[in-house]
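For reference, the structure discussed in these notes is given below.
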2 protein chains.
Amino acid sequence: MDIKTTSPIDKESILSISKLFKVISAPTRLSVLFLLQKKECSVGNIAISLDMEQSAISHQLKTLKDARLVKSRREGKSMLYSLDDLHVFSILEQVLTHVSELEK
Amino acid sequence: MDIKTTSPIDKESILSISKLFKVISAPTRLSVLFLLQKKECSVGNIAISLDMEQSAISHQLKTLKDARLVKSRREGKSMLYSLDDLHVFSILEQVLTHVSELEK
DNA sequence: TTTACATATGACTAACTAATCATATGTTTG
DNA sequence: CAAACATATGATTAGTTAGTCATATGTAAA
């Protein structure tokens, strides 16, 4: 049996996981996710909370939305964003626990 | 109360999490981790299994080792690598489940 | 101690990414 | 409708990164 055929997981799955981790590995996007954990929030408010430009936040929200990690709804002039994937968030919390234990 | 002070999580933690996710978001490194889940493995064998250059694998193993995700021991001329952080691997498996369910 | 084998390392480069800037699109109010 | 507000988008750019190549280091066998 060729050693190559013993690969424990297919390339597609690797790429899917990679894609997801890449999305949640950017500090700005992580901050947005943790912020949205507390409450639904408008683009402008996220920008203020994170002390970043509106445009930067909007770009990152698009990435998060494409990955189906957040969803949005319009309310008047604002767009309100909220978490759309609680499972991923539970993973985030797990990692947070993991990381904070390593720092001890 | 200033909205900025309500940030749900400190910058340091964000950066730690970000760092960890970055390490496990590269397809090659993910493949290595899944490969090592099965068994301890030499650099050369990993390279063959993943059909990549020895040097590329060695570089990525260094990254994984710096992040304390793998460890190594020498056996004769070979260096044998194995997982050093089973918690992170359980997270990986969780994400794999998540991803494969999304694909349904 | 030469030689071959196994891995690590440093320099380099192509590809990618996050933020910025300018501006367009969409929504409400006067 | 015009003006103000809120968000989205496209182009650009500085910074990062994964892989390659050449070579150095470490180990064992002849």
Side-chain angles (χ1 to χ4, degrees), chain A residues 3 11 14-36 39-82 84, chain B residues 3 11 14-36 39-82 84:
Chain A
I3 193 170
K11 272 194 183 180
I14 290 284
L15 289 179
S16 296
I17 299 176
S18 167
K19 211 169 157 186
L20 177 59
F21 278 139
K22 268 188 189 154
V23 173
I24 60 178
S25 69
T28 298
R29 288 191 293 266
L30 273 174
S31 299
V32 170
L33 290 176
F34 279 108
L35 192 60
L36 293 184
K39 60 177 186 313
E40 190 183 41
C41 205
S42 73
V43 180
N45 275 338
I46 296 173
I48 291 171
S49 295
L50 302 184
D51 191 25
M52 293 188 60
E53 296 214 353
Q54 172 270 322
S55 174
I57 298 300
S58 186
H59 278 297
Q60 298 310 324
L61 283 169
K62 177 168 171 45
T63 301
L64 286 168
K65 201 175 179 186
D66 288 347
R68 295 176 184 277
L69 298 184
V70 305
K71 62 190 177 211
S72 64
R73 67 181 182 90
R74 181 172 282 282
E75 191 179 76
K77 284 177 274 189
S78 298
M79 290 292 278
L80 298 181
Y81 281 81
S82 57
D84 192 28
Chain B
I3 192 170
K11 273 193 181 179
I14 290 285
L15 290 179
S16 295
I17 299 175
S18 167
K19 211 169 158 187
L20 178 59
F21 279 139
K22 268 187 189 155
V23 172
I24 59 178
S25 68
T28 298
R29 289 191 292 266
L30 274 173
S31 299
V32 169
L33 290 176
F34 278 108
L35 192 60
L36 292 185
K39 60 176 185 314
E40 189 183 40
C41 206
S42 73
V43 179
N45 275 337
I46 296 173
I48 291 171
S49 294
L50 303 183
D51 192 24
M52 293 189 58
E53 295 215 354
Q54 171 269 321
S55 174
I57 297 301
S58 187
H59 278 299
Q60 299 310 325
L61 283 170
K62 178 169 173 41
T63 301
L64 287 168
K65 202 177 178 186
D66 288 346
R68 297 176 182 277
L69 298 183
V70 305
K71 62 190 178 210
S72 64
R73 68 181 181 91
R74 181 172 284 282
E75 192 179 76
K77 285 178 275 188
S78 297
M79 289 292 279
L80 298 181
Y81 282 80
S82 57
D84 192 27

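Labels below follow one simple rule: chain letters A, B, ... track the order of the sequence lines, proteins then strands, and each chain is numbered from 1. All of these numbers come straight from a predicted model, not from anything done at the bench. Scope of the values below: all heavy atoms of this structure, side chains included, with no hydrogens, waters or symmetry mates.
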Quick one, [X] and [Y] - any side-chain contact, counting heavy atoms below 4.5 Å?
{"X": "B:Lys22", "Y": "B:Ser18", "value": "yes"}
{"X": "B:Phe34", "Y": "A:Ile17", "value": "yes"}
{"X": "A:Leu64", "Y": "A:Asp84", "value": "no"}
{"X": "A:Leu69", "Y": "A:Thr63", "value": "no"}
{"X": "A:His59", "Y": "A:Ser55", "value": "yes"}

Below 4.0 angstrom from OP1 or OP2 of [N], is there any side-chain N or O of [X]?
{"X": "A:Ser78", "N": "D:dT7", "result": "yes"}
{"X": "B:Tyr81", "N": "C:dA6", "result": "no"}
{"X": "B:Arg74", "N": "D:dT27", "result": "yes"}

Report task. Select base, sugar-phosphate, or nothing to describe what A:Ser42 touches, counting heavy atoms under 4.0 Å on all strands. Result -> sugar-phosphate
**Report entry** Candidates C:dA18, D:dC5, D:dG19 - which lies nearest the side chain of B:Thr28
**Finding:**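 Within the option list, the nearest is D:dG19.
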**Report entry** Candidates D:dA8, C:dC5, C:dA19 - which lies nearest the side chain of A:Met52
**Finding:**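 Nearest to the side chain of A:Met52 among the choices is C:dA19.
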Query raised in the report: DNA chain D: A:Leu61 or B:Thr63, which has the more 5' nearest nucleotide?
Result: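 Looking at the nearest nucleotide for each, A:Leu61 comes out on the 5' side.
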Atom-to-atom span, [atom1] of [X] to [atom2] of [N] - whole angstrom:
{"X": "B:Ile46", "N": "D:dG19", "atom1": "CD1", "atom2": "C1'", "result": "16 Å"}
{"X": "A:Lys65", "N": "D:dT7", "atom1": "NZ", "atom2": "C1'", "result": "11 Å"}
{"X": "B:Glu75", "N": "C:dC5", "atom1": "CD", "atom2": "C1'", "result": "15 Å"}
{"X": "B:Arg73", "N": "C:dA6", "atom1": "CZ", "atom2": "P", "result": "16 Å"}
{"X": "B:Ile57", "N": "C:dT9", "atom1": "CD1", "atom2": "C1'", "result": "16 Å"}
{"X": "B:Gln60", "N": "C:dT9", "atom1": "CD", "atom2": "C1'", "result": "14 Å"}
{"X": "A:Met79", "N": "C:dG26", "atom1": "CE", "atom2": "P", "result": "12 Å"}
{"X": "B:Lys77", "N": "C:dC5", "atom1": "NZ", "atom2": "P", "result": "7 Å"}

Report task. Walk me through it: do B:Arg73 and B:Glu40 pass the test side-chain contact (heavy atoms from CB on, under 4.5 Å)? Result -> CA-CA 10 Å; B:Arg73 68 181 181 91; B:Glu40 189 183 40; 2.6 Å; yes
Query - B:Ile46 vs B:Leu36, side-chain contact (heavy atoms from CB on, under 4.5 Å): CA-CA, chis, key distance, verdict - result: CA-CA 9 Å; B:Ile46 296 173; B:Leu36 292 185; 4.1 Å; yes
Query raised in the report: Pick the nucleotide of DNA chain C nearest each of A:Glu53 and A:Arg29; which residue has the one closer to the 5' end?
Result: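 Nearer the 5' end of the strand: A:Arg29.
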Requested in this report: Quick one: list whatever passes side-chain contact (heavy atoms from CB on, under 4.5 Å) with A:Ala26, sequence neighbours left out.
Outcome: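 For A:Ala26, the residues satisfying side-chain contact (heavy atoms from CB on, under 4.5 Å) (neighbours in sequence not counted) are A:Arg29.
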Requested in this report: Quick one: pull up CG in A:Leu61 and OG1 in A:Thr28 and give me the separation to the nearest 0.5 Å.
Outcome: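 A:Leu61 atom CG to A:Thr28 atom OG1 measures 10.5 Å (nearest 0.5 Å).
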Report task. Report yes or no: does A:Arg74 contribute a side-chain atom to a donor-acceptor pair with the main-chain N or O of A:Gly76 at less than 3.5 Å? Result ->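 Side chain of A:Arg74 to backbone of A:Gly76, a donor-acceptor pair under 3.5 Å: yes, one is there.
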List, with names and distances, any nitrogen or oxygen atoms from the protein found under 3.5 Å away from nitrogen or oxygen atoms belonging to nucleotides 9-14 of chain D.
from   : atom 1 : to      : atom 2 : distance (Å)
D:dT9  : O4     : A:Ser55 : OG     : 2.7
D:dG10 : O6     : A:His59 : NE2    : 2.8

Requested in this report: Could you identify which residues of residues 17-26 of chain A place a heavy atom less than 4.0 Å from some atom of DNA chain C, listed by residue number, or say none?
Outcome: A:Ala26
